[in-house]
Protein chains: 2
Amino acid sequence: MASEAEPRVAAADESFEGVTPDAARRLLLGAVDAFAERGFHATTTRDIAGRAGMSPAALYIHYKTKEELLFQISKVGHERSVSVLAEAAEGGGSDSGRLARAVRHFVRWHAEHHTTARVVQYELAALGEGHYEEIVELRRRSEEILRGVLESGDASGEFEIADIRGTTLAVMSLCIDVARWYSPSGRRTPDEIGTLYADLVLRMVAPQGDARGPGPGAGAGPR
Amino acid sequence: MASEAEPRVAAADESFEGVTPDAARRLLLGAVDAFAERGFHATTTRDIAGRAGMSPAALYIHYKTKEELLFQISKVGHERSVSVLAEAAEGGGSDSGRLARAVRHFVRWHAEHHTTARVVQYELAALGEGHYEEIVELRRRSEEILRGVLESGDASGEFEIADIRGTTLAVMSLCIDVARWYSPSGRRTPDEIGTLYADLVLRMVAPQGDARGPGPGAGAGPR
DNA sequence: GTCTATAACAGGATAGAC
DNA sequence: GTCTATCCTGTTATAGAC
């Protein structure tokens with residue numbers, strides 16, 4: 001069933017195109033696929049090497065341990081996603097425009113690179129001690145970028161946000177979870193999801209004119 | 001560090017109180033903790049048995065395999081979360097009230113039972129073939145319940161939703177992801193998060209009076 | 001039902017030839 | 001740099017005493 005020769009790496013993830021030499025990159029791409037499919041712990045080094053068309057031993061020329069492979073993926077992936085978010089948020093325009101762009105691009109990244117994103121978002125716990133700390137710092141930056149946009153819009157009155165930290169968390173969460181459920185065979189393209197989500201998020205922060213739902217206790221019913 | 005005697009099960013998760021005999025329940029609770037902390041594949045049967053204050057062999061009297069433990073957790077957990085959602089959504093009141101209640105309770109469940117929820121939401125891929133199908137059916141039910149509320153509110157004009165399936169997915173996603181990031185040592189209680197999220201979701205679906213963001217290209221700025 | 005002991009095997013990582 | 005062969009550890013699951 002699973003042929004063990006000839007490189008077969010499904011992920012055409014250009015995030016790793018800077019990695020050299022070629023064998024190291026193939027291993028990284030193989031690891032991304034394997035980790036995304038089965039999780040870090042369930043993936044064997046034999047599997048990774050096989051996907052790269054190499055013997056198990058060859059892996060250790062390029063990476064000291066399996067965990068180092070995970071760390072590289074996590075680092076490059078986080079750097080990419082942070083830079084996508086930063087570029088979108090730092091571009092000009094109104095805060096609404098910046099927020100919509102940030103959400104659209106961040107979501108799109110998580111869908112288009114859902115294999116990488118899945119590893120990045122769901123295998124953090126498998127990182128070694130020092131490595132984990134380094135990654136957490138990158139995650140903190142994402143959150144700060146997004147919070148900056150929300151704060152700016154709230155201050156100018158363009159948004160109306162009761163709980164900025166909580167809303168930041170919710171928006172991040174919404175975007176990140178795309179990596180969990182997205183499938184290329186699903187109904188929507190990454191861009192469609194990004195556009196839909198940008199709209200939903202703008203609604204979340206839009207000032208409430210006055211016409212709020214007519215029903216009783218819309219915010220906090222009893223019980 | 002890790003003592004191997006005496007039952008020590010952290011999760012006081014009442015979801016499993018119906019499980020008998022006592023040893024089987026302790027094993028299940030130990031497995032929930034272990035799977036949530038380290039993931040299914042990284043968890044050893046020694047660890048699970050140890051948490052239940054038993055020897056590794058004793059586990060196999062109550063469960064045929066490690067996967068069967070996962071299946072039981074997943075099944076009971078899904079049943080619980082579906083019933084929490086169903087009760088909240090089926091209660092009376094306006095559609096806004098029902099939606100707010102559904103989100104608040106569903107989120108609260110994912111926070112309060114974040115160990116169980118983490119296993120339920122993130123270890124699906126480790127389930128055996130037949131077991132996986134059974135669980136997917138339960139997940140489909142959750143989605144249908146939520147979609148029902150959104151459809152009802154949209155039809156009556158209480159909500160204004162452009163893309164019902166997409167919005168259903170987004171709301172589910174938002175709630176589910178709480179299990180990933182929630183920590184009991186965080187700033188917010190499960191109920192506070194539930195209330196915040198219910199408010200954000202109501203905003204997502206509220207009719208847009210007219211006062212939308214003043215900035216140019218709020219919805220879809222050029223690239 | 002639980003224990004101790006162990007079978008049977010898989011996986012991470014290394015040695016040394018090419 | 002890559003391969004084949006292998007070491008060694010740790011894992012699931014079982015056998016048989018109590």
Side-chain angles (χ1 to χ4, degrees), chain A residues 1-9 19-35 37-73 119 123 125-129 131, chain B residues 1-9 19-31 33-35 37-73 123 125-129 131:
Chain A
M1 202 62 139
S3 108
E4 281 220 325
E6 294 323 290
R8 198 84 304 258
V9 180
V19 178
T20 58
D22 186 68
R25 186 178 58 257
R26 290 202 325 267
L27 285 165
L28 218 50
L29 290 172
V32 168
D33 286 352
F35 292 164
E37 265 174 40
R38 319 149 71 99
F40 175 79
H41 290 289
T43 298
T44 67
T45 53
R46 288 166 167 78
D47 182 10
I48 296 169
R51 286 173 195 250
M54 289 159 66
S55 81
L59 188 154
Y60 292 91
I61 291 153
H62 302 283
Y63 301 95
K64 242 191 285 295
T65 64
K66 186 170 79 159
E67 189 270 345
E68 197 184 308
L69 230 16
L70 175 65
F71 175 59
Q72 286 304 325
I73 293 165
V119 178
E123 301 294 341
L127 288 168
E129 267 306 297
H131 288 165
Chain B
M1 202 59 151
S3 107
E4 279 220 327
E6 295 320 292
R8 195 85 306 261
V9 181
V19 179
T20 58
D22 186 68
R25 188 178 54 258
R26 290 201 325 266
L27 285 165
L28 219 51
L29 290 171
D33 287 352
F35 292 164
E37 267 173 39
R38 318 149 73 99
F40 175 78
H41 289 290
T43 298
T44 66
T45 53
R46 286 164 170 63
D47 183 9
I48 296 169
R51 288 174 194 249
M54 289 158 65
S55 84
L59 187 154
Y60 292 90
I61 291 152
H62 303 282
Y63 301 94
K64 240 189 286 295
T65 64
K66 188 170 77 158
E67 191 270 345
E68 198 184 307
L69 272 166
L70 175 63
F71 176 59
Q72 286 304 325
I73 293 165
E123 302 293 343
L127 287 169
E129 267 306 296
H131 288 165

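Proteins come first, then strands; the chains are lettered A, B, ... in the order of their sequence lines, and each starts at number 1. Note that the structure is predicted; figures quoted are calculated from it, not measured.
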> Do R25(B) and D22(B) pass the side chain to side chain contact (heavy atoms under 4.5 Å, CB included) test, and can you show the C-alpha distance, the side-chain angles, and the key distance before you say yes or no?
Replying inline: CA-CA 5 Å; R25(B) 188 178 54 258; D22(B) 186 68; 2.7 Å; yes
> Among all residues two or more places apart in sequence or in another chain, which pass the ring pair (Phe, Tyr, Trp, His ring centres under 6.0 Å) test with H131(B)?
Replying inline: F71(B)
> Residues in side-chain contact (heavy atoms from CB on, under 4.5 Å) with A42(A), at least two apart?
Replying inline: R38(A), H41(B)
>> Restricting to side-chain hydrogen bond (donor to acceptor under 3.5 Å, both in side chains), what partner residues turn up for E37(B), sequence neighbours left out?
In response: R51(B)
> 5'-most contact on DNA chain C: A57(B) or P21(B), nearest heavy atom basis?
Replying inline: P21(B)
> Contact class for S55(B) vs. all strands (heavy atom < 4.0 Å): base, sugar-phosphate, or nothing?
Replying inline: base
> Can you pull the contact range of chain B along DNA chain D, 5' to 3', using atoms under 4.0 angstrom from its heavy atoms?
Replying inline: dT11(D) to dA15(D)
> Given atom CE of M54(A) and atom P of dG12(C), what is their separation to the nearest angstrom?
Replying inline: 15 Å
>> What residues from residues 58-72 of chain A pass a heavy-atom cutoff of under 4.0 Å to DNA chain C?
In response: Y60(A), T65(A), K66(A)
> Sub-3.5 Å donor-acceptor pair from the side chain of Y63(A) to the main-chain atoms of L70(A), do we have one?
Replying inline: no
> What is the minimum heavy-atom distance between L69(A) and A31(A), and which atoms define it?
Replying inline: CG-CB, 3.8 Å
> Partners of A125(A) by side-chain contact (heavy atoms from CB on, under 4.5 Å), sequence neighbours excluded?
Replying inline: none
> Just by modelled atom types, is the F40(A) backbone N or O under 3.5 Å from a matching donor or acceptor in the K66(A) side chain?
Replying inline: yes
